[in-house]
**Q** 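Quick one: the structure is below, and I'll ask about it shortly.
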Amino acid sequence: NRSAYTPTEIHAGFAAALKKNRPEELARGITLLGPHRDDLRFLANGIPLGDYGSRGQIRTTLLALKLAEVEWMKQKTGEWPLILLDEVMAELDQQRRADLLATLEESEQSLLTTTDAQNFGETFAQNASLWRVENGSIAPVG
């Protein structure tokens with residue numbers, strides 16, 4: 001444990017800070033405190049990915065974080081959130097693509113965009129609704 005504070009102390013301190021800053025946040029129309037305002041640092045074998053990770057490693061880490069958030073939301077609400085992923089396959093290798101698609105098959109609804117449908121594989125495409133967006137028009141594929 002790197003903190004000198006207990007989880008209870010952290011919770012109480014955070015709640016007090018939120019209460020104290022509420023009037024200013026309302027006046028400014030933004031939140032001033034919270035995890036969304038913090039910088040996160042991810043390590044792989046003790047090495048910071050932000051500085052030394054490949055684009056695929058960074059993408060995989062962010063996807064893992066996003067999918068953990070999806071799972072947490074499912075547990076808290078009992079419902080699957082809609083998963084939106086834009087051009088997610090471009091920087092993943094074949095195995096990571098397969099792992100991601102297998103994970104997405106467990107969810108109720110995902111919306112993925114791509115400029116190369118071959119990245120999704122034939123099996124995934126057979127079980128998905130495919131749409132083409134071209135020149136401002138949307139049409140089903142197939």
Side-chain angles (χ1 to χ4, degrees), residues 1-3 5-22 24-142:
N1 185 3
R2 296 169 70 172
S3 176
Y5 300 101
T6 67
T8 302
E9 291 169 325
I10 293 170
H11 184 272
F14 185 53
L18 287 173
K19 186 175 181 178
K20 177 184 173 198
N21 284 317
R22 184 166 172 73
E24 185 177 353
E25 289 178 336
L26 289 172
R28 292 175 61 179
I30 61 169
T31 54
L32 301 172
L33 296 172
H36 60 290
R37 303 284 298 192
D38 292 338
D39 289 329
L40 295 176
R41 193 173 90 165
F42 293 96
L43 306 175
N45 297 322
I47 299 169
L49 288 176
D51 296 329
Y52 301 104
S54 69
R55 291 182 63 85
Q57 287 174 314
I58 293 167
R59 176 70 65 125
T60 300
T61 301
L62 294 176
L63 281 170
L65 182 63
K66 181 58 65 183
L67 293 173
E69 179 184 22
V70 164
E71 181 61 31
W72 179 83
M73 292 172 72
K74 168 72 166 88
Q75 288 177 5
K76 289 294 183 184
T77 67
E79 297 182 21
W80 284 101
L82 172 63
I83 301 170
L84 304 173
L85 299 173
D86 182 29
E87 199 62 52
V88 70
M89 303 301 237
E91 295 170 347
L92 299 178
D93 62 32
Q94 196 72 5
Q95 184 59 54
R96 286 185 171 96
R97 288 176 187 164
D99 292 343
L100 175 61
L101 294 177
T103 300
L104 292 177
E105 286 180 358
E106 298 172 13
S107 69
E108 285 185 6
Q109 189 173 12
S110 303
L111 179 62
L112 294 91
T113 65
T114 188
T115 56
D116 184 0
Q118 300 301 315
N119 288 335
F120 290 94
E122 192 173 317
T123 303
F124 183 82
Q126 289 172 350
N127 296 321
S129 297
L130 304 177
W131 297 78
R132 176 178 299 280
V133 178
E134 191 170 8
N135 296 324
S137 298
I138 302 172
V141 174

**Q** Give every residue pair that meets the salt bridge (Lys or Arg N to Asp or Glu O under 4.0 Å) criterion with at least one member in residues 83-92, sequence neighbours excluded.
**A**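 Salt bridge (Lys or Arg N to Asp or Glu O under 4.0 Å) check on residues 83-92 returns R55-E91, R59-E91.
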**Q** For the residue pair L92 and G56, what are the closest heavy atoms and their distance?
**A** CD2-O, 4.3 Å
**Q** Side chains of L85 and L111: does their closest heavy-atom pair fall under 4.5 Å?
**A**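 A side-chain contact is absent here, since even the closest heavy-atom pair is not under 4.5 Å.
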**Q** Nearest heavy-atom pair of G53 and I58: which atoms, and what distance?
**A**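 It is O-CD1, 3.7 Å.
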**Q** I need the N45 CG to L43 CG distance, nearest 0.5 Å.
**A**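 Here the rounded value is 9.5 Å.
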**Q** Holding to side-chain contact (heavy atoms from CB on, under 4.5 Å), I want the full list of residues that pass it with S110, two or more places apart in sequence or in another chain.
**A** I83, L104, S107, L112
**Q** Which value, rounded to the nearest 0.5 Å, describes the distance between L62 atom CG and L67 atom CG?
**A**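 Atom-to-atom, L62:CG and L67:CG are 11.0 Å apart.
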**Q** Which residue pairs pass the ring-ring contact (aromatic ring centres under 6.0 Å, His included) test with at least one member in residues 86-133, sequence neighbours excluded?
**A** F120-F124
**Q** According to side-chain contact (heavy atoms from CB on, under 4.5 Å), who are the partners of R132, at least two apart in sequence or on a separate chain?
**A**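 Testing R132 for side-chain contact (heavy atoms from CB on, under 4.5 Å), a comparison that skips the adjacent residues, returns E134, V141.
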**Q** Name all pairs fulfilling the ring-ring contact (aromatic ring centres under 6.0 Å, His included) condition that reach into residues 44-94, sequence neighbours left out, sorted by first residue then second.
**A** none
**Q** Going from CG on L40 to CG on L65, what distance comes out if it is rounded to the nearest 0.5 angstrom?
**A**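 Going from CG on L40 over to CG on L65, the span is 7.0 Å.
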**Q** Can you pull out every salt bridge (Lys or Arg N to Asp or Glu O under 4.0 Å) where at least one residue sits in residues 8-22? Sequence neighbours excluded, please.
**A** none
**Q** Can you tell me how far CZ of F42 sits from OG1 of T61, rounded to the nearest 0.5 angstrom?
**A**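 With rounding to 0.5 Å, OG1 (T61) is 7.0 Å from CZ (F42).
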**Q** I'd like to check the side-chain contact (heavy atoms from CB on, under 4.5 Å) partners of L32; sequence neighbours left out, ordered by chain and number.
**A** E24, E25, R28, I30
**Q** By side-chain hydrogen bond (donor to acceptor under 3.5 Å, both in side chains), which residues pair with D93, not counting sequence neighbours?
**A**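 Only R96 meet the side-chain hydrogen bond (donor to acceptor under 3.5 Å, both in side chains) criterion with D93.
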**Q** Restricting to side-chain contact (heavy atoms from CB on, under 4.5 Å), what partner residues turn up for E69, sequence neighbours left out?
**A**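 Testing E69 for side-chain contact (heavy atoms from CB on, under 4.5 Å), a comparison that skips the adjacent residues, returns K66, M73.
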**Q** Which residues pass the side-chain hydrogen bond (donor to acceptor under 3.5 Å, both in side chains) test with T114, sequence neighbours left out?
**A**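 None.
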**Q** For E79, give me all partners under side-chain hydrogen bond (donor to acceptor under 3.5 Å, both in side chains), at least two apart in sequence or on another chain.
**A** none
**Q** If you take all heavy atoms of L33 and R37, which pair is closest and at what distance?
**A** C-CG, 4.1 Å
**Q** Could you name each residue pair satisfying salt bridge (Lys or Arg N to Asp or Glu O under 4.0 Å) that touches residues 97-124, not counting sequence neighbours?
**A** none
**Q** Side chain to side chain contact (heavy atoms under 4.5 Å, CB included), that's the test. Do H11 and T6 meet it? Break it down for me.
**A** CA-CA 9 Å; H11 184 272; T6 67; over 6 Å; no
